[in-house]
Enquirer: 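Below is a structure I'd like to ask you about.
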Amino acid sequence: MTFDEKVYEIVSKIPNGKVMTYGGVAEALGNNGLARAVGNSLNRNPNPIKVPCHRVIKSDGRVGEYANGVEKKIRLLKGEGIVIKNGRIPKEHIIGM
DNA sequence: GCTCTGACGATTT
DNA sequence: GAAATCGCCAGAG
């Protein structure tokens, strides 16, 4: 299992209507501050269907970036019931806090 | 094996 | 609150 595989596994475990920070995914992997590496793996986005990469946001609550387009990412999140305020997501939606 | 680069994080000013 | 700085790990050249 490569690093990317682990990332996809964690991200695919995120329930509908909830989101997780890059740092949160990193912690779930067993490491702590490798948020960049997590986002990097998602950036290659090998399987955008299996892995809801749009449910992964920054620790600040902002959606961060998206290979498909930030606007698209926000739209998907809103479509799942996520409430975005001023481009930021309430921590209530974030898992692991 | 070294050196960038990157969907980031936390601290400090 | 916003901008700048340093640190972080993984992949590509």
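Computed from a predicted model, the values in this text were never measured in an experiment. Chain letters run A, B, ... following the sequence lines, proteins first and then strands; every chain starts at 1.
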Enquirer: State, yes or no, whether a side-chain contact exists between A/Arg62 and A/Ile89 at a heavy-atom distance under 4.5 Å.
Expert: no
Enquirer: Answer yes or no: is there a side-chain heavy-atom contact under 4.5 Å between A/Tyr22 and A/Lys58?
Expert: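 Answer yes - side chains close enough.
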Enquirer: Please state how far atom NZ in A/Lys6 lies from atom P in C/dC9, giving the value in whole angstrom units.
Expert: 14 Å
Enquirer: Does the side chain of A/Asn68 reach to within under 4.5 Å of the side chain of A/Lys73, using non-hydrogen atoms?
Expert: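 Answer no - side chains too far apart.
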Enquirer: Would you say that A/Thr21 contacts A/Val25 through its side chain, given a criterion of any heavy-atom pair below 4.5 Å between the two side chains?
Expert: no
Enquirer: Produce a footprint string for nucleotides 4-13 of chain B: one letter per nucleotide, 5' end first; B if the base is under 4.0 Å from any protein heavy atom, S if only the sugar-phosphate is, - if neither.
Expert: --BBBSS---
Enquirer: Could you give the CG-to-C1' distance, from A/Asn86 to C/dG1, as a whole number of Å?
Expert: 13 Å
Enquirer: Does any non-hydrogen side-chain atom of A/Val56 lie less than 4.5 Å from one of A/Ile14?
Expert: yes
Enquirer: Would you tell me if any nitrogen or oxygen in the side chain of A/Arg62 comes within less than 4.0 Å of OP1 or OP2 on C/dG1?
Expert: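 It does not, given that no N or O in the side chain of A/Arg62 lies less than 4.0 Å from OP1 or OP2 of C/dG1.
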